Amino acid sequence: GESGYAENDFDDAELDDYSFSCYSQLEVDGLQHLLTCMFDDSDINSTNLEFEICGALLDVDCLNFNKLQERYFLKTKKFLLIGDSKICVKLEKKNMTCRKVNIVKIVKPEAPFDVRVVYREGANDFVVTFNTSHLQKKYVKVLIHEVAYRQEKNENNWMRVNLTSTKLTLLQRKLQPNAMYEIKVRSIPYANYFEGFWSEWSPSFHFRTPETNGTGETD
Amino acid sequence: YNFTDCDFKKIKESYRNIIYQELNNYTKGTKAIDFDHFVYCEDQPDCLSKIQSLTFEGRPGCAAPAREAFAVRTHAALAAACPGYRGPQINNTQTMRKIRKRQIKRKECLEQVTYLKELWQRLSRIS
Amino acid sequence: GKTKPGSALQLQVINFNFETVQVTWNSSAYAGINFTFIYKFHTKEEYRPCPDYILQYGYRAGCLLEVQRDGPLYFSIRNGTEPLLTKDLAISTYLKPRSPGALNFQWREEAVTVTCSSLGYNDLQYEIQHKTVFDAEWQSTEAETCNVTIDGLDTEKCYFFRARVKALEFAYGSETYPSDWSEVTYQQRGELRDSCWENSLFPKFILIA
């Protein structure tokens, strides 16, 4: 199954310890895209191992990755964004393992940010807003955002809402009065051309609900 | 090449999400109403053959946008969606920067690429 | 779409929902002249005279044409026999879709699905806007069919709804016009209302942090 990142397409029998996962972030720095890969086995000795991508590139046939600790990354404008590429792990110029990858199908959006909650006494509700850098992008513009919120004392009792806009209303009568809440947001591509994985969570926002629960009763 | 057997849905997706952005980038600020003509295409194969012609063949005043980003991507989209399509060989390893300097964006090229945009738009609407 | 100011004839073209096309010209440089507009829809056809001129201060300032389909328009504007402007264009480039007709509402707990009749051609964006008396601005939800679900609503509140249609730029270009907004519709507890203003309280906002 999907391990959160695109996995090897080989049969299990051929899975060797060079298996790796990658994700792409488009227009992450102006027009520059970022492709990040790492070995699935974090204990692997990656000293002389290199990554190379070939195919579906503008002006060039192949590009080499840079390495930072255990991550290999490539920042470029040269992704064609149409068709498949091949990513290979190389040991002294020899291909140890290769995989077919389509850059637009392994997109990991940037995390949303600036989560805010405004309580509207007259309306008995809370307006949740947040921001995403993807609103200004050319390519990955359509995302689904998942808003998760919980009462701070209930460790794992997250309520979740999916939406495509960046504004949500929570009804006061649906929340506990006089309680501390935590709320956070993450995003995933939502267009049939660009696919991929959940972003990281946004920083959390914390808010306290008023004494009454919006129907005049207090708890 | 006969474009009848292409996967038009796949081509529309590549155009809508990728090629369109490049064409828009190239013709930024240019408006269709400022030109006195346009290139019409009747059905999907007709549209693709005219798109190929305007993309990869030079015209008076506009050598050939074949090495522009939208052209390289058009080639990739057709190769991925049309069985057996090879199209004109784009020499991918020529340095684009040198070529782009020579290929100043003349009015003729803007006009040609504006017509190209309208062909793609028409292909979208009928796909 | 409007031609650049300064060109001999400032031209504007509007394609009303592929039903009628309006070509208007502002001939500031040719005051007092009655132009002739001739047109055809196919290269092989003969030019025909404008069936329905638009007059301004008694002079011809435009032509209204019936159209049937998404296709080319070839026309020429003449001063007597002298052609001032000869042009061919894709009428889709200047599309203004019709405003969405009656909106239908299907409530299900805190969500409503708004539907309306499709306009019958592709690559359109149906925009539904909603708000309550507590909201300073409309909030938009968009979809490529006229079947739009809006979540997170409060069945107790009274909501304003309106809709319009836009032509998607990748398929029509950037010189189209959004449709006019539909009539505003009021809904509360899943039912139609005449208005939302009767029992509105004055909204108070508190930023919590």
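No hydrogens, no waters, no symmetry mates; every other heavy atom, side chains included, goes into these values. First the proteins, then the strands, lettered A, B, ... as listed; each starts at 1. The structure presented is a predicted model; accordingly, all values stated were derived computationally and were not measured.
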Trainee: Run B:R125 and C:D70 through salt bridge (charged side-chain N to carboxylate O under 4.0 Å, His left out) and show every step you take.
Mentor: CA-CA 9 Å; B:R125 297 196 303 273; C:D70 172 358; 2.6 Å; yes
Trainee: Any salt bridge linking C:E127 with C:R164? Criterion: basic side-chain nitrogen under 4.0 Å from a carboxylate oxygen.
Mentor: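 Counted as a salt bridge, because a side-chain N and a carboxylate O are separated by less than 4.0 Å.
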Trainee: Could you check if a side-chain atom of C:T176 sits within less than 4.5 angstrom of a side-chain atom of C:K166, using non-hydrogen atoms only?
Mentor: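 No, side chains not in contact.
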Trainee: Taking the six-membered ring for Trp, are the ring centroids of C:F18 and C:Y121 within less than 6.0 Å of each other?
Mentor: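 Yes, the ring of C:F18 comes within the 6.0 Å limit of the ring of C:Y121, centre to centre.
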Trainee: Under a 4.5 Å heavy-atom cut-off, does chain C meet the side chain of B:E42, its backbone, both or neither?
Mentor: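 Just the side chain, heavy atoms under 4.5 Å.
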Trainee: Could you look at C:N122 and say if it's the side chain, the backbone, both or neither that has a heavy atom under 4.5 Å from chain B?
Mentor: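 Only the side chain of C:N122 comes within 4.5 Å of chain B.
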Trainee: Side chain, backbone, both or neither: which part of B:F38 has an atom under 4.5 Å from a heavy atom of chain C?
Mentor: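 Both backbone and side chain.
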Trainee: Contact part of C:S174 toward chain B, heavy-atom cut-off under 4.5 Å: side chain, backbone, both or neither?
Mentor: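 Neither the backbone nor the side chain of C:S174 comes within 4.5 Å of chain B.
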Trainee: Please identify, among C:D88, C:T86, C:L168, C:L85, the residue contributing the most non-hydrogen atom pairs under 4.5 Å to chain B.
Mentor: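 Result: the option with the highest number of such pairs is C:D88.
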Trainee: What part of B:Y15 lies closer than 4.5 angstrom to a heavy atom of chain C: side chain, backbone, both or neither?
Mentor: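 Just its side chain gets close to chain C.
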Trainee: Taking the six-membered ring for Trp, is the centroid-to-centroid distance between B:F3 and B:Y85 below 6.0 Å?
Mentor: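 Yes, ring centres under 6.0 Å apart.
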